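Everything below concerns the one structure shown next.
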Protein chains: 2
Amino acid sequence: MTGIKDVARELEMSTATVSRALRGLPGVSDETRQRVQRTAKQLGYVPSPGAAGLASGRTRTVAVVVPFVTRWFFASVVQGAEEVLREGGYDLLLYNLAGSGAARHRVFEGGRLTKRVDAVLVLSLQPTDDELTRLTALGRPVTFVGADVPGWSTVRIDDEAAACTATGHLVELGHRRIAYVGGPGELDVTAPNAREAGYRGTLRSAGLAHDPSLEVDGGFTLPGGIDAGRRLLDRPDRPTAIFAASDEMAIGVLRAARELGLRVPHDVSVVGIDDHELAGFFDLTTVAQPVVEQGRLAARLVLDALAPGAAKGGWHPAQVILPTTLLARGSTGPPPTA
Amino acid sequence: MTGIKDVARELEMSTATVSRALRGLPGVSDETRQRVQRTAKQLGYVPSPGAAGLASGRTRTVAVVVPFVTRWFFASVVQGAEEVLREGGYDLLLYNLAGSGAARHRVFEGGRLTKRVDAVLVLSLQPTDDELTRLTALGRPVTFVGADVPGWSTVRIDDEAAACTATGHLVELGHRRIAYVGGPGELDVTAPNAREAGYRGTLRSAGLAHDPSLEVDGGFTLPGGIDAGRRLLDRPDRPTAIFAASDEMAIGVLRAARELGLRVPHDVSVVGIDDHELAGFFDLTTVAQPVVEQGRLAARLVLDALAPGAAKGGWHPAQVILPTTLLARGSTGPPPTA
DNA sequence: CTGAAAGCGCTAACAT
DNA sequence: ATGTTAGCGCTTTCAG
């Protein structure tokens, strides 16, 4: 393995100069830099991130912690983050919790991240106090996506507002009996509570009664949505509209409606949140949120915090809230004129 | 940051012993090991992978190269791999090509992987000769998932056989005019060719005419499948059955059929490959392949190759071919009795 | 602008 | 069973 030393020897200069030249640091004559780069390439020199990290304390690696890689939303955020990190010269270490609380504990506990990464990106998890303590102990920039963590860098949408938009859309169409499909999901993820709050708040301000039996758990999965839809729609006093806190659940509701022979939106309206890649396919009305973009932004925040001078130069955690848009498609309409 | 040295000093022993004790190496008295572990924990010692890697030449990190993280199939394989790697004490460095040939080139070229990972997992890419040369130069175990690369470790299904199963199912149902939706997709991925070969081979052995106009490109995406479906079904001499080389495309075809007012399977039968998470939802007949399992297996192969003694102890690249199963659901049936 | 030298934190012979 | 001693390959003062 040819190293920096070989390049230095070949050029009869010090490894310090080679190192500086290769990293584009100032204080190297243009000519020297040229020569170094040329011989480095010619000798097939490849830097050793491990050694560089050991010497500098920077690993040029960022950990990304995701609840489930297989879910479209998270995979998309990862994709956005990867894009930006890679471009910034950082590697991405993936920690997939796969819905397991044990895995979650393992990642945050016991310094699995210490001395390993320069920063951490946490997706959609509402951190516990203990986790926050450990993350603080890391002493590294951390950015949360999809969670509101006061004092920390976050990138998210206003989940409550998004839920208001969705519910409000139904209210405006004239619906008065509106159900909610949400639920906690498997890990302690942020979105559910805020979305439920938005739903309830909107009902209240519209002066609509709040019927707890119209709030059911869909587990944030498609099958869960089907189940929830069946339960809601297969009753005499069924709602005229359903707001599902995620598109996957909303699609499940659509399916349940079809099974029960109900026409959408004639018999029942359905609205979701996300603008999932399949939402258009199902002609689902939804409140769209930028997904890949949240990953990109979070990665950028982290890179900013890592940039030289950020520590001294007055860098502060940033809270970015991205806008959402109501995409009125074919799954919502006025209530049946009973 | 407390290091191995601090632990050694505290215990008044050498760092070598501490290192050995902590890594569970033989040659340490049980009592010493206990003491070391206790003080290490108590001092909040956390190992530095970078330093260990520098000294040992092993990074305990595996690179996983995926064409698209956002696609269900790849995300699932990654999930399986992550699971096994994490358990084996390895970190997973994610390289997402996001369909970009440039990104692909960047990863394999210029030693982005050298000195950085102990092994590489490559998903569904058919490596070029140049890439194989570079991977060989890495001098590290490499395992391919979903590709047939003679001489290298591979985990895959028999794509040709899977396509035969799918097409054969249609033939047995009595179809004689069977279309194929496939296509190259964005990167040079392996599956397409083999599946097309399986389709053609089955037609031939069944003595059915091969009509090139019945082979259309679906780009391995859902929208591509819709397009393809429209083109195939919106013609007077439309096929009575369609085999799509992936479930996502098959679902697109289903959609196209519905748009055109065709009933499935009464007017047209559709079969896919994968058993995508939504296949059941759409009642799609498909040839199921184990997905997460391919990731797990590939990771295990890589860990085996990395295990101490593998190099000397007669370790050979392994070719694992996993079985596929026809899942006959509601999207296939006998042809219309014209 | 360039060089010398001291590590970064750990592992791996080689001793004892 | 434990200690000693070199590094691993790079970055980073500190000199010049």
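Just so it is clear, the model here is predicted, and its values are computed rather than measured. All chains are named by letter (A, B, ...) in the order of the sequence lines, taking the proteins before the strands, and each is independently numbered beginning at 1.
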Tightest non-hydrogen contact, residues B:I4 and B:T15, listed as CD1-O, 3.8 Å
What pairs with A:T114 under side-chain contact (heavy atoms from CB on, under 4.5 Å), at least two apart in sequence or on another chain? A:L138, B:M1, B:V46
Sequence neighbours excluded, every pair satisfying side-chain hydrogen bond (donor to acceptor under 3.5 Å, both in side chains) that has a member inside residues 145-154 of chain A: none
What pairs of nitrogen or oxygen atoms, one from the protein and one from nucleotides 9-13 of chain D, lie under 3.5 Å apart?
unit_1	atom_1	unit_2	atom_2	d
D:dG9	N2	A:A51	O	3.3
D:dC10	OP1	A:Y45	OH	2.7
D:dC10	OP1	A:S48	N	3.4
D:dC10	OP2	A:I4	N	2.4
D:dT11	OP1	A:R23	NE	3.4
D:dT11	OP2	A:S19	OG	2.4
D:dT12	OP1	A:R58	NH2	2.6
D:dT12	OP2	A:R23	NH1	3.1

In whole angstroms, how far is the P atom of C:dC1 from the CG atom of A:D30? 9 Å
Closest approach of A:E131 and A:R104, non-hydrogen atoms and distance? OE2-NE, 2.7 Å
Over 12 non-hydrogen atoms of neighbours within 6.0 angstrom of CD in A:E87: no
Rounded to 10°, the angle between the first-five-pair and last-five-pair axes of the helix from C:dC1-D:dG16 to C:dT16-D:dA1 is 30°
C:dA4 P sits how many Å from A:M13 CE, rounded? 12 Å
Residues pairing under side-chain hydrogen bond (donor to acceptor under 3.5 Å, both in side chains) where one sits in residues 16-27 of chain A, two or more places apart or in two chains, turn out to be A:S14-A:T17, A:S19-A:R23
Tell me: CG of B:L11 to P of D:dT2, nearest whole Å? 11 Å
Suppose we screen for side-chain contact (heavy atoms from CB on, under 4.5 Å). Which residues come up paired with A:P67, at least two apart in sequence or across chains? A:F74, A:L123, A:S124, A:L125, A:L187
Is there a donor in the side chain of B:Q79 and an acceptor in the side chain of A:N96, or the other way round, less than 3.5 Å apart? yes
Between C:dC1 (C1') and A:R35 (CZ): distance, integer Å: 13 Å
